[in-house]
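Notes follow once the structure below has been shown.
What you see is a predicted model; the values in this text were computed from it and never measured. Protein chains get the first letters and strands the later ones, always in sequence-line order, with residue 1 at the start of each.
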Number of protein chains: 2
Amino acid sequence: MARPRNFDDDVVVERAMQAFWTLGYANTSPAALAEATGVGKGSLYNAFGSKRELFERALERYDRLGAEVTAELLARPGTTRECLRAFLYDSVKSDLAQPIRRGCLAVNTAVELAGHDPEIARAVRRGVDRTMAALEWRIAQGVRDGDVRPDLAPRATAEYVMNTLAGLRVMARTYDAATLFRIADTALAVLDSA
Amino acid sequence: MARPRNFDDDVVVERAMQAFWTLGYANTSPAALAEATGVGKGSLYNAFGSKRELFERALERYDRLGAEVTAELLARPGTTRECLRAFLYDSVKSDLAQPIRRGCLAVNTAVELAGHDPEIARAVRRGVDRTMAALEWRIAQGVRDGDVRPDLAPRATAEYVMNTLAGLRVMARTYDAATLFRIADTALAVLDSA
DNA sequence: CCAGTTTTAGACCTGTAGTTCAAGAAAGGT
DNA sequence: ACCTTTCTTGAACTACAGGTCTAAAACTGG
């Protein structure tokens with residue numbers, strides 16, 4: 001009945017996400033998006049409405065993929081501490097693996113846009129809350145299993161771990177691997193019974 | 001012998017700093033800088049060369065003022081933990097006091113520019129290192145005084161506290177005061193002997 | 001009070017961001 | 001084969017970013 005799209009939305013959103021992640025929102029021009037996605041500017045606007053809306057799609061995707069990775073890491077066998085360690089290490093490692101340090105899209109977005117765009121702020125918050133809920137759940141399990149100090153409140157501890165991750169994502173911009181891993185280890189020491 | 005400047009460089013840099021801090025580097029246009037400083041674009045370019053150079057001056061100033069505040073806080077009487085608590089609380093409070101959450105200029109800069117601009121990355125790093133050195137010094141003193149667990153390495157602990165601060169500066173974009181203070185407290189609990 | 005120098009305000013310039021639009025292309029229904 | 005609909009391509013458009021330039025203005029030593 002009509003001409004079909006000759007690209008896959010998911011693929012385009014994925015590529016746009018990579019571009020936004022690497023360059024930042026403001027520095028990713030429509031031309032850059034066209035280049036990165038292999039789709040003409042016109043088609044992008046036809047399909048997604050605006051740069052802003054495409055960004056929201058990209059952020060959503062990032063949150064969803066991140067939540068999947070987190071869930072997988074936290075569901076692995078091992079002590080709570082091992083799981084949280086894997087959680088922190090994993091993000092540091094994937095950061096360092098990139099040729100240019102791009103940090104975390106959620107953190108970048110919180111810093112670049114959350115202050116001036118309440119809707120984006122809510123989207124970021126939703127994603128972070130989701131990860132934090134997973135952490136809380138895993139920590140609560142650790143308390144039940146007895147491998148976490150029973151006096152730790154799962155909620156507060158989850159917030160704390162999340163905060164540590166946010167810090168690491170920023171520190172990864174300028175510090176080396178050894179420092180980052182050392183920070184992660186120091187942060188996790190709080191979980192140990194003394 | 002020649003017409004004198006009719007503005008004070010320091011005042012202009014201070015105001016430019018505020019603008020960059022609030023709006024971000026990319027979003028602060030020359031027009032916005034002229035507006036914020038009360039100095040015409042032409043004069044700004046004459047005095048500072050470029051937006052980029054003015055930003056470097058602003059960042060330098062931020063680092064210097066921050067270092068002064070940190071030094072003052074850490075030199076106050078009280079236990080190490082009280083000092084570090086004041087250090088973390090202070091930044092959270094000043095963040096929350098602003099009408100729009102603008103976080104920390106150094107963190108914002110690390111996120112927005114450090115990945116693509118090595119020189120800026122070095123400047124950020126210098127500032128952070130300075131603060132971290134002050135923390136290390138205070139923690140080492142705490143170890144000597146016996147109010148910090150002696151098994152804590154001052155350097156690693158300082159990095160850890162710095163990381164916690166970086167995290168808080170990001171989390172302050174989207175979370176409320178209660179959560180932020182709770183995170184700070186949890187983070188400081190690691191210092192206690194059990 | 002003039003000469004010489006530097007600053008100033010803002011007009012001006014070039015490039016690009018972000019978006020829209022017009023014209024044609026690829027379907028599917030009839 | 002034709003019509004309708006939706007997509008594509010790329011040119012076109014407006015606004016503003018970042019920076020330069022100019023003509024007047026403000027100082028000061030002589």
Side-chain angles (χ1 to χ4, degrees), chain A residues 1-59 105 108-109 112-113 115-117 119-120 123, chain B residues 1-59 105 108-109 112-113 115-117 119-120 123:
Chain A
M1 225 231 274
R3 179 171 179 172
R5 235 163 235 183
N6 66 9
F7 58 84
D8 177 351
D9 276 31
D10 267 7
V11 171
V12 167
V13 172
E14 164 69 27
R15 292 188 182 154
M17 183 190 86
Q18 298 290 340
F20 282 127
W21 193 352
T22 304
L23 301 169
Y25 178 77
N27 274 320
T28 307
S29 64
L33 286 167
E35 158 96 85
T37 58
V39 173
K41 276 202 283 185
S43 300
L44 286 177
Y45 275 85
N46 177 55
F48 299 101
S50 69
K51 175 179 166 180
R52 166 74 203 275
E53 288 171 90
L54 177 51
F55 180 76
E56 285 181 61
R57 293 280 299 269
L59 187 57
L105 219 212
N108 299 354
T109 303
E112 188 181 359
L113 302 173
H116 307 286
D117 188 327
E119 197 171 349
I120 294 282
Chain B
M1 228 232 265
R3 176 172 180 172
R5 261 190 202 159
N6 66 9
F7 57 83
D8 176 352
D9 277 30
D10 267 7
V11 171
V12 168
V13 171
E14 164 67 27
R15 292 189 183 153
M17 183 189 88
Q18 297 291 339
F20 283 127
W21 193 352
T22 304
L23 300 168
Y25 179 77
N27 274 320
T28 306
S29 64
L33 287 168
E35 156 97 85
T37 59
V39 174
K41 270 201 289 183
S43 301
L44 286 177
Y45 276 86
N46 178 55
F48 300 101
S50 68
K51 174 178 165 180
R52 169 67 205 276
E53 288 170 271
L54 177 52
F55 180 76
E56 286 181 61
R57 294 279 299 268
L59 187 57
L105 219 212
N108 299 355
T109 303
E112 188 181 359
L113 301 174
H116 308 286
D117 189 325
E119 196 171 349
I120 294 282

field: Closest heavy-atom pair and its distance - A/Tyr45, A/Ser50
entry: CE2-CA, 3.8 Å
- prompt: Between A/Arg5 (CZ) and D/dT9 (C1'), how many Å, whole number?
  reply: 15 Å
- request: Report yes or no: is there a donor-acceptor pair, N or O only, under 3.5 Å between the side chain of B/Lys41 and the base of D/dG19?
  value: yes
message: Over all strands shown, is B/Pro4 touching base, sugar-phosphate only, or nothing at heavy-atom distances under 4.0 angstrom?
response: sugar-phosphate
message: What is the separation between atom CG on A/Leu44 and atom P on D/dG10, rounded to the nearest whole Å?
response: 13 Å
message: If you assign B/Gly42 and B/Pro30 each to the DNA chain D nucleotide with the nearest heavy atom, which residue ends up on the more 5' nucleotide?
response: B/Pro30
- prompt: How long is the line joining OH of B/Tyr45 and P of C/dG10, in whole Å?
  reply: 17 Å
- request: Tell me what B/Phe48 touches on the nucleic acid: a base, only sugar-phosphate, or nothing, going by heavy atoms under 4.0 Å.
  value: nothing
query: Is the side chain of A/Glu112 donor-acceptor paired with the backbone N or O of A/Tyr25 at a distance under 3.5 Å, no angle test?
result: yes
field: Whole-Å gap separating P (C/dT19) and CZ (A/Phe55)
entry: 14 Å
query: Where each residue is assigned the nucleotide of DNA chain C containing its nearest heavy atom, which of B/Gly38 and A/Thr28 is assigned the position nearer the 5′ end?
result: B/Gly38
query: Is any side-chain N or O of B/Asn6 closer than 4.0 Å to OP1 or OP2 of C/dT8?
result: yes
field: Shortest side-chain distance from A/Asn46, nucleotide among C/dA17, C/dT8, D/dC7
entry: D/dC7
statement: Residues A/Ala58 and A/Phe20: closest non-hydrogen pair is CB-CD1, 4.1 Å
message: OP1 or OP2 of C/dT7 versus the side-chain N and O atoms of B/Ser43: is any pair under 4.0 Å?
response: no
message: If I compare all heavy atoms of B/Thr37 with all of B/Ala16, which pair ends up nearest, and what's the gap?
response: CG2-N, 4.1 Å
- request: Answer yes when B/Glu56 and B/Arg52 have at least one side-chain N-carboxylate O distance shorter than 4.0 Å, and no when they do not.
  value: yes
- request: Name the closest nucleotide to the A/Arg3 side chain, picking from C/dT7, D/dC7, D/dG18.
  value: D/dC7
- request: Looking at every strand, decide which applies to B/Ser29 at a 4.0 Å heavy-atom threshold: base, sugar-phosphate, or nothing.
  value: sugar-phosphate
- prompt: Just how far, in rounded Å, is P of C/dG18 from CD of A/Glu53?
  reply: 14 Å
message: I need the CG-P distance between A/Asp8 and D/dT8, as an integer number of Å.
response: 12 Å
field: Integer-rounded Å distance: D/dA17 C1' and B/Asn27 CG
entry: 11 Å
message: In whole Å, I'd like the distance from the CG atom of B/Asp9 to the P atom of C/dT6.
response: 16 Å
